Amino acid sequence: MLSLNYIRENDRTIIAGLKKRQFKPISIIDEIMVLDQKRRNQKNEIDNILAQANQKANEIGMLFKQGKTEEADKLKSETVDFKEKSKILQESLQQTTAALNDLRTKVPNIPHDLVPNGTSEKDNEIVFTEGEIPKLANDALPHWELASQYGLIDFELGSKIT
């Protein structure tokens, strides 16, 4: 999964790489950028509210020390509002983060600049070959069938047979 910092700093490069892979929903990068900014704004807002709540808590402590309990009680009711706002924003932040992570998992890795455009291995360019490529018999079995046949892996239980 591509990191948010990498996406933020290289969004146009990523889009070019996705086009090279023929990845159709290119707008996903823009959606990620929008959600990331929303998440960052929500985080800043939560931090500001918590800072204000801390400031009020300090003021309340000072008022109690000075014996001004009525003013302290009045400020206490304001801190309840801060806690409610913080809780609502925290839930919204969690939803935004979940949506952001969901989108990020849908973005494939970006191919190197030297990789040719294409959609399959047939589009790749052969740079060099070495040795002979073995010709398998038509009745050759794939590795998973050989592993089952020789009792190396039990795919039904997902454990190694000893």
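The first residue in the sequence is number 1, and the count goes up from there. The model shown is predicted, which means the values in this text are computed figures rather than measured ones. Side chains are part of it too, since the values below use all heavy atoms of this structure and drop only hydrogens, waters and symmetry mates.
Using a 3.5 Å distance cut-off with no hydrogens or angles, the side chains of Asn41 and Glu45 do not pair a donor with an acceptor.
Here the side chains of Lys106 and Glu31 are not in contact, with every heavy-atom distance at 4.5 Å or above. Between Arg104 and Leu2, every side-chain heavy-atom pair lies at or beyond the 4.5 Å cut-off. Counting heavy atoms from C-beta outward, Asp123 and Asn117 have side chains that stay 4.5 Å or more apart. Taking the side chain as every heavy atom from C-beta outward, Glu59 and Gln55 approach each other to under 4.5 Å.
A salt bridge between Asp30 and Arg12 is present, with a side-chain N of the basic residue lying under 4.0 Å from a carboxylate O of the acidic one.
Under the 4.5 Å side-chain contact rule for hydrophobic residues, Leu136 and Ile133 do not share a cluster. Both Ile26 and Leu100 belong to a single network of hydrophobic side chains, linked directly or stepwise wherever heavy atoms of I, L, V, M, F, W or Y lie under 4.5 Å apart. Under the 4.5 Å side-chain heavy-atom criterion for grouping Ile, Leu, Val, Met, Phe, Trp and Tyr, Phe82 is not connected to Leu75 through any hydrophobic cluster. Note on Tyr6: it clusters hydrophobically with Leu103, by side-chain heavy-atom contacts below 4.5 Å among ILVMFWY residues. Under the 4.5 Å side-chain heavy-atom criterion for ILVMFWY residues, no single connected hydrophobic cluster contains both Met1 and Phe23.
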Kindly determine whether Arg39 and Asp36 satisfy side-chain contact (heavy atoms from CB on, under 4.5 Å), including the steps that lead there. CA-CA 5 Å; Arg39 181 190 61 84; Asp36 180 46; 2.9 Å; yes

Full working for side-chain contact (heavy atoms from CB on, under 4.5 Å) between Leu4 and Ile32: CA-CA 9 Å; Leu4 285 173; Ile32 289 172; 4.2 Å; yes

Assess whether side-chain contact (heavy atoms from CB on, under 4.5 Å) is satisfied between Ile110 and Asn10, documenting all intermediate values. CA-CA 11 Å; Ile110 307 305; Asn10 302 294; over 6 Å; no

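For Glu125, the CD atom is loosely surrounded, since the number of other residues' heavy atoms within 6.0 Å does not exceed 12. Taking a 6.0 Å sphere around CD of Glu70, one finds it holds 12 or fewer heavy atoms contributed by other residues, nucleotides or ligands. When the shell of 6.0 Å around CE of Met62 is examined, it contains 12 or fewer heavy atoms from other residues, nucleotides or ligands. The number of heavy-atom neighbours closer than 6.0 Å to NZ of Lys85, taken from other residues, nucleotides and ligands shown, is 12 or below.
The two residues His112 and Lys20 make their nearest non-hydrogen contact at O-NZ, 3.4 Å. Taking each heavy atom of Ile126 and Thr129 in turn, the nearest pair found is CG2-CG2, 3.7 Å.
Distance check: Lys87 NZ to Ile49 CD1 gives 14.5 Å after rounding to the nearest 0.5 Å. For the atom pair Lys56 NZ and Lys74 NZ, the distance stands at 10.0 Å (nearest 0.5 Å). Between Ser86 atom OG and Asp47 atom CG the span is 9.5 Å, to the nearest 0.5 Å. Separation of atoms CD1 (Ile7) and OG1 (Thr13) is listed at 12.0 Å; rounding is to 0.5 Å. The distance from the CG atom of Leu50 to the CD atom of Gln52 is 9.5 Å, given to the nearest 0.5 Å. Between atom CD1 of residue Ile14 and atom CZ of residue Arg8 there is a gap of 11.0 Å, rounded to the nearest 0.5 Å.
At least one donor-acceptor pair under 3.5 Å links the side chain of Thr96 to the backbone N or O of Ser92. Listed for the Thr105 side chain is a donor-acceptor partner under 3.5 Å among the backbone atoms of Asp102.
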